[in-house]
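Here is the structure we will look at.
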Amino acid sequence: MTAPTKPPHPTAASADTPSGPPLGENLHSPVIDWFDEHARDLPWRRPEAGAWGVMVSEFMLQQTPVSRVLPVYEQWLERWPRPADLAKDAPGEAVRAWGRLGYPRRALRLHGAAVAITERHGGDVPADHAQLLALPGIGEYTAAAVASFAYGQRHPVLDTNVRRVFARAVTGVQYPPNATTAAERKLARALLPDDEPTAARWAAASMELGALVCTAKSESCHRCPIAAQCAWRLAGKPEHDGPPRRGQTYAGTDRQVRGRLLAVLREAHGAVPQAALDRVWHEPVQRARALDGLVADGLVEPLAGGSYGLPLA
């Protein structure tokens with residue numbers, strides 16, 4: 001039997017006009033109780049991580065799985081336990097320590113945030129949401145995540161996992177839109193518990209539910225604490241009928257070439273001649289375009305004699 005394309009669930013319209021606290025109250029307790037029992041023991045969730053540890057993790061976890069982040073995170077915090085420690089080093093050292101996490105501009109942004117925290121806030125990550133948002137390299141999601149996870153504040157924290165949980169459980173669709181919408185933000189605000197500690201716990205719990213149970217490709221509804229209320233499941237799990245979901249390609253792309261060029265520069269502690277970079281990729285036009293992009297992004301600096309290095313300032 002073909003599943004209906006539009007789930008006839010009474011809360012399906014709530015993405016635009018969320019029903020608010022009654023709906024949230026039905027979800028909060030089971031999800032938070034599940035989280036209390038099943039949450040992973042991750043270093044940035046421990047009290048000793050502090051706000052700086054939370055911030056570092058949020059930068060690293062963007063588009064990167066936990067398994068790849070863990071070793072780099074631990075090395076990073078051992079080397080730079082406070083923002084001021086990172087701020088003292090050259091930005092190129094942040095790029096070097098970033099290793100193969102991908103999207104290395106995040107390393108430069110994290111370095112820039114560390115410098116600003118040192119200069120503006122005496123080396124302490126600010127608790128105020130507006131001050132977090134004013135830091136370089138920090139957008140709405142990261143500001144909300146740090147304020148919530150590090151300081152226990154009440155903010156909607158909308159990452160991919162949370163958006164997917166809300167799309168399925170409340171609006172009855174398989175996947176959220178490719179980009180976060182105003183309707184999603186409105187729904188997330190409506191679902192927030194009223195008191196701050198519970199709201200912060202809800203933010204972490206709904207994120208973990210999306211990461212471990214309500215996953216993108218192989219959801220485990222039999223393990224879900226809110227399966228009985230899930231609009232998408234009750235509608236028969238209709239397949240996604242929106243715009244095609246963006247795929248992640250890597251092989252043969254400029255991203256791959258950039259990664260190989262950066263790998264050579266990270267391993268070298270000094271100038272790297274053009275000839276060494278030419279050996280990285282066989283196609284000269286794509287290689288030159290990738291190198292130019294790295295220079296434009298501030299990840300690589302041209303040096304005297306036609307050589308290159310990681311940024312010093």
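Given the structure is predicted, the values throughout are model-derived calculations rather than measurements.
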Any carboxylate oxygen within less than 4.0 angstrom of a Lys/Arg side-chain nitrogen, looking at K237 and E219? yes
Closest heavy-atom pair, A205 versus V31, reported as atoms and distance to 0.1 Å, is CB-CG1, 3.7 Å
Applying side chain to side chain contact (heavy atoms under 4.5 Å, CB included), name anything that partners P156, two or more places apart in sequence or on another chain. A188, R189, L192
Suppose we screen for side chain to side chain contact (heavy atoms under 4.5 Å, CB included). Which residues come up paired with R289, at least two apart in sequence or across chains? D254, V285, Q286
Using a 4.5 Å cut-off on heavy atoms from C-beta on, say whether the side chain of L262 contacts that of P104. yes
Aromatic plane relationship, W202 with H28 - under 30° parallel, 30 to 60° tilted, over 60° perpendicular: perpendicular
With sequence neighbours excluded, what pairs up with D292 under the side chain to side chain donor-acceptor pair (under 3.5 Å) test? none
Mind listing the closest non-hydrogen atom pair of V162 and D159 along with its distance? N-OD1, 2.8 Å
CG (L265) and CG (L291) are apart, to the nearest 0.5 Å, by 8.0 Å
Keeping the roles fixed (side chain from W76, backbone from W98), state whether a donor-acceptor pair exists under 3.5 Å. no
What heavy-atom pair brings R164 and C214 nearest, and what distance separates the two atoms? NE-O, 2.7 Å
Separation between CG (D36) and CZ (R201), nearest 0.5 Å, reads 4.5 Å
Answer yes or no: is there a side-chain heavy-atom contact under 4.5 Å between L133 and E140? yes
Same apolar cluster (I L V M F W Y, side chains within < 4.5 Å links), W281/L277: yes
Listed pairs under 3.5 Å, donor-acceptor, residues 299-313 side chains, sequence neighbours left out:
| from | atom 1 | to | atom 2 | distance (Å) |
| --- | --- | --- | --- | --- |
| E301 | OE2 | L312 | N | 3.4 |
| S307 | OG | A304 | O | 3.0 |

Return the minimal non-hydrogen interatomic distance between L108 and G298, and the atom names on each side. CD1-O, 3.4 Å
Below 4.5 Å, heavy atoms only, C-beta onward: do S220 and T215 meet side chain to side chain? no
Kindly state each residue pair satisfying salt bridge (Lys or Arg N to Asp or Glu O under 4.0 Å) with at least one member in residues 114-128, sequence neighbours excluded. R82-D124
Just wondering, more than 12 heavy atoms not from E48 lying within 6.0 Å of its CD? yes
Identify the heavy atoms of V165 and S206 that sit nearest to each other, and give their distance. CG2-O, 3.8 Å
Sequence neighbours excluded - salt bridge (Lys or Arg N to Asp or Glu O under 4.0 Å) pairs with any residue from residues 86-101: R79-D89, R79-E93, E93-R96
Determine the minimum heavy-atom distance between A114 and W52, stating which atoms define it. CB-CH2, 3.9 Å
Residue pairs passing the ring pair (Phe, Tyr, Trp, His ring centres under 6.0 Å) test where at least one lies in residues 111-153, sequence neighbours excluded: H129-H155
Nearest 0.5 Å, please: how far is OG in S29 from CD1 in I226? 12.0 Å
Output the distance between atom CG (L110) and atom CG (L135), rounded to the nearest 0.5 Å. 10.5 Å
R106 side-chain N/O to Y103 backbone N/O, donor-acceptor pair under 3.5 Å: yes
How long is the straight-line distance from CG of D241 back to CD of Q174, given to the nearest 0.5 Å? 9.5 Å
With sequence neighbours excluded, residues passing side chain to side chain contact (heavy atoms under 4.5 Å, CB included) with T142: E58, F59, Q62, I138, V146
Mind jotting down which residue pairs meet the side-chain hydrogen bond (donor to acceptor under 3.5 Å, both in side chains) criterion with at least one end in residues 37-46? Sequence neighbours excluded, please. R40-E208, D41-R46, R45-E208
Linking I/L/V/M/F/W/Y whenever their side-chain heavy atoms sit closer than 4.5 Å, directly or via other members, would L42 and V56 fall into one cluster? yes
Pairs touching residues 271-285 that satisfy salt bridge (Lys or Arg N to Asp or Glu O under 4.0 Å), sequence neighbours left out: D278-R287
Looking at residues at least two apart in the chain, or sitting in another chain, which of them share a side chain to side chain contact (heavy atoms under 4.5 Å, CB included) with R163? L158, P176, P177, T180, E184
When you measure from the side chain of Y175 to the backbone of A216, do you find a donor-acceptor pair of N or O atoms at a distance under 3.5 Å? yes
Are L101 and V264 connected in a single hydrophobic cluster, I mean Ile/Leu/Val/Met/Phe/Trp/Tyr linked by side-chain heavy atoms less than 4.5 Å apart? no
Answer yes if L61 and V125 sit in the same cluster of Ile, Leu, Val, Met, Phe, Trp and Tyr residues linked by side chain heavy atoms under 4.5 Å apart, and no otherwise. yes
For R168 and R233, indicate whether the former's side chain and the latter's backbone hold a donor-acceptor pair under 3.5 Å. no
Any residue meeting salt bridge (Lys or Arg N to Asp or Glu O under 4.0 Å) with R258, in chain and number order, not counting sequence neighbours: D297
hydrophobic_cluster_shared for L209 and L212, side chain cutoff 4.5 Å: yes
Find the distance between CE (M207) and OG1 (T160) and round it off to the nearest 0.5 Å. 9.5 Å
